Amino acid sequence: MSFDLNSLLRPHIAKLQPYTSARDEYTGKEGVFLDANENPFGSITEQDFNRYPDPYQSALKAEIAKIKEVRSSQIFLGNGSDEAIDLLYRAFCNPGKDNVILLPPTYGMYEVSASINDVEIRKVALTEDFQLRPEEILKAADANSKILFICSPNNPSANKAKREDVLFLLQNFKGLVVVDEAYIDFSDEPSFTTELDKFPNLLVMQTFSKAWGLASLRLGMAFASEEIIRILNKIKPPYNISGLTQDTVLAAIADKGKVERMIREILDEREFLQGELEKQPFVQKIHPSHANFLLVKIPNATQVYDDLIGEKVIVRNRAKVLLCEDCLRITVGTREENEVLIKALVKVNLKIEK
Ligand SMILES: Cc1ncc(COP(=O)(O)O)c(C=O)c1O
């Protein structure tokens with residue numbers, strides 16, 4: 001399939017002259033820096049934050065490139081994945097004219113961000129077992145369908161999409177295909193980053209918020225062709241990733257063994273939690289999980305959810321979400337937290353049955 005990125009791009013973005021920051025204009029490290037209106041005396045805090053950070057996060061990208069086996073020029077870093085989602089809409093979707101294809105039930109920000117940007121949403125529901133409907137997706141698309149969002153492993157269903165379905169869509173969908181892999185580290189599925197050189201219409205999103213345990217730092221990654229990354233860089237706020245985030249994540253990557261141990265622990269706990277839930281007569285179904293949470297069907301889910309709050313255990317009520325009737329989404333906790341959850345679930349269900 002021939003793919004013309006320029007025909008997808010909004011014309012005014014193609015023409016845009018981006019802001020050039022002080023750190024764009026002079027990239028040297030030595031000298032008396034009087035070009036960015038910074039405070040020369042340091043910071044009010046113990047640690048100094050008075051200098052603007054690298055706008056293109058070069059040192060951090062070089063390390064991410066190594067662990068993700070991509071080129072630095074294929075990486076965009078955002079203030080969480082949510083920033084990349086918003087920038088994609090702003091770059092490619094003309095408000096009131098273009099549309100995007102969403103596959104519910106899925107991550108809510110694709111829809112919210114589309115609505116913020118006044119972009120039409122076309123929904124093609126997943127199957128009962130949360131798989132894609134590739135033919136229906138293509139049927140729903142037209143010449144104004146700019147982006148297809150595929151979340152795999154999917155939130156809230158926790159399963160992974162069939163690889164052949166995603167590949168089929170990459171070959172046949174005429175717009176950008178975004179594969180959101182926020183939970184990929186908890187799956188046995190290889191990342192779609194391995195397909196980047198084959199598919200110029202592919203953008204893969206990952207995040208430091210889940211497996212790396214850095215949700216508060218806000219660091220999301222997008223991997224795509226150099227052309228797509230150049231567009232995102234052109235329209236992002238100049239200093240979108242703080243110096244603190246860049247330095248902290250660089251140090252975290254240097255200690256990569258730790259994240260592998262944490263993932264192993266979460267996977268062990270997922271197995272423990274699943275085993276304990278399976279023993280409970282009130283649990284109707286636990287959907288197969290490739291993520292750090294379980295989607296669990298429990299009768300009277302909303303009542304269970306409310307009563308769990310009474311026990312100071314907070315899960316996510318997904319009972320009103322398409323195909324998730326009577327389902328709670330439960331994040332895998334520590335062993336202690338998982339035991340507290342199971343105890344509370346038993347208690348509230350005994351009360352409900354009475
Ligand atoms: C599928 C999916 N993508 C993206 C995100 C957000 O990631 P970030 O914290 O990088 O904005 C989430 C958060 O829950 C998610 O479930």
Side-chain angles (χ1 to χ4, degrees), residues 57 60-61 64 68 75-90 100-114 116 121 123 126 130-132 147-161 166 176-187 189 191-193 202-224 232 236-237 240-242 244-246 248-249 252-253 259 262-263 266 270 287 289-295 314-318 321-324 327-333:
Q57 311 100 21
L60 180 53
K61 280 184 187 166
I64 293 175
K68 300 294 178 184
I75 305 173
F76 168 81
L77 296 179
N79 183 12
S81 309
D82 294 338
E83 183 175 26
I85 296 169
D86 178 61
L87 292 180
L88 284 169
Y89 281 114
R90 292 207 266 158
V100 292
I101 313 272
L102 306 185
L103 314 176
T106 194
Y107 180 48
M109 273 312 287
Y110 314 139
E111 179 160 355
V112 173
S113 209
I116 291 169
I121 297 157
K123 294 184 182 179
L126 297 174
F130 301 118
Q131 285 301 327
L132 312 182
I147 311 176
L148 162 65
F149 282 93
I150 299 172
C151 187
S152 180
N154 187 38
N155 177 6
S157 57
N159 68 310
K160 61 177 178 179
V166 180
L176 280 183
V177 177
V178 173
V179 181
D180 186 346
E181 296 184 336
Y183 300 99
I184 192 74
D185 298 304
F186 307 109
S187 175
E189 185 71 16
S191 168
F192 270 91
T193 51
L202 169 64
L203 182 139
V204 177
M205 290 198 306
Q206 294 186 9
T207 177
F208 281 91
S209 296
K210 310 294 173 183
W212 290 79
L214 298 173
S216 175
L217 285 183
R218 313 304 303 129
L219 190 65
M221 296 165 273
F223 307 103
L232 296 177
K236 78 181 181 69
N240 62 328
I241 308 297
S242 80
L244 182 64
T245 298
Q246 294 186 43
T248 312
V249 177
I253 292 174
V259 76
M262 274 167 86
I263 293 168
I266 290 170
R270 183 175 80 192
H287 292 274
S289 176
H290 283 259
N292 65 340
F293 57 87
L294 297 173
L295 187 70
I314 298 92
V315 297
R316 200 84 197 264
N317 186 3
R318 300 285 81 179
V321 171
L322 182 75
L323 300 173
C324 298
C327 281
L328 299 177
R329 195 194 71 189
I330 304 176
T331 305
V332 175

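The model shown is predicted, which means the values in this text are computed figures rather than measured ones. One-based numbering, in listed order, for ligands and for the atoms of each. Basis for what follows: all heavy atoms, side chains included, without hydrogens, waters or symmetry-related copies.
The D82 neighbourhood of ligand 1 comprises atoms 6 (C), 11 (O), with distances under 4.0 Å to a heavy atom of that residue. Taking every non-hydrogen atom of C151 and a distance limit under 4.0 Å, the qualifying atoms of ligand 1 come out as 1 (C).
D180 OD2, 2.7 Å is the protein heavy atom nearest to atom 3 (N) of ligand 1. In terms of protein heavy atoms, atom 9 (O) of ligand 1 is closest to S209 OG, 2.6 Å. Of the protein's heavy atoms, Y107 OH, 3.3 Å lies nearest to atom 6 (C) of ligand 1.
The shortest heavy-atom distance from Y183 to ligand 1 is under 4.0 Å. Not a single heavy atom of A215 sits closer than 4.0 Å to an atom of ligand 1.
Salt bridge E83/R218: absent, no basic N to carboxylate O contact under 4.0 Å.
Between the side chain of N154 and the backbone N or O of P105 there is at least one donor-acceptor pair closer than 3.5 Å. When atom types are taken as modelled, the side chain of T248 and the backbone of L244 share a donor-acceptor pair closer than 3.5 angstrom.
Side-chain atoms of E181 and S152 include no donor-acceptor pair closer than 3.5 Å.
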Practice problem: Begin with the C-alpha distance, continue with both residues' side-chain angles, and end with the deciding distance and a verdict on side-chain hydrogen bond (donor to acceptor under 3.5 Å, both in side chains) for N317 and R329. | Solution: CA-CA 6 Å; N317 186 3; R329 195 194 71 189; over 6 Å; no
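Between the OH atom in Y110 and the CG atom in D180 there is a gap of 3.0 Å [rounded to 0.5 Å].
In this structure R90 satisfies the salt bridge (charged side-chain N to carboxylate O under 4.0 Å, His left out) test together with D86, sequence neighbours excluded.
Ring centers of F186 and F293: at least 6.0 Å apart, outside the cut-off.
With a heavy-atom cut-off of 4.0 Å, S81 touches ligand 1 through backbone and side chain alike. Residue contacts with ligand 1 for K210 involve side-chain atoms from C-beta outward but no N, CA, C or O (heavy atoms, distance under 4.0 Å). Under 4.0 angstrom from ligand 1, the non-hydrogen atoms of R218 all belong to its side chain. Under 4.0 angstrom from ligand 1, the non-hydrogen atoms of N155 all belong to its side chain.
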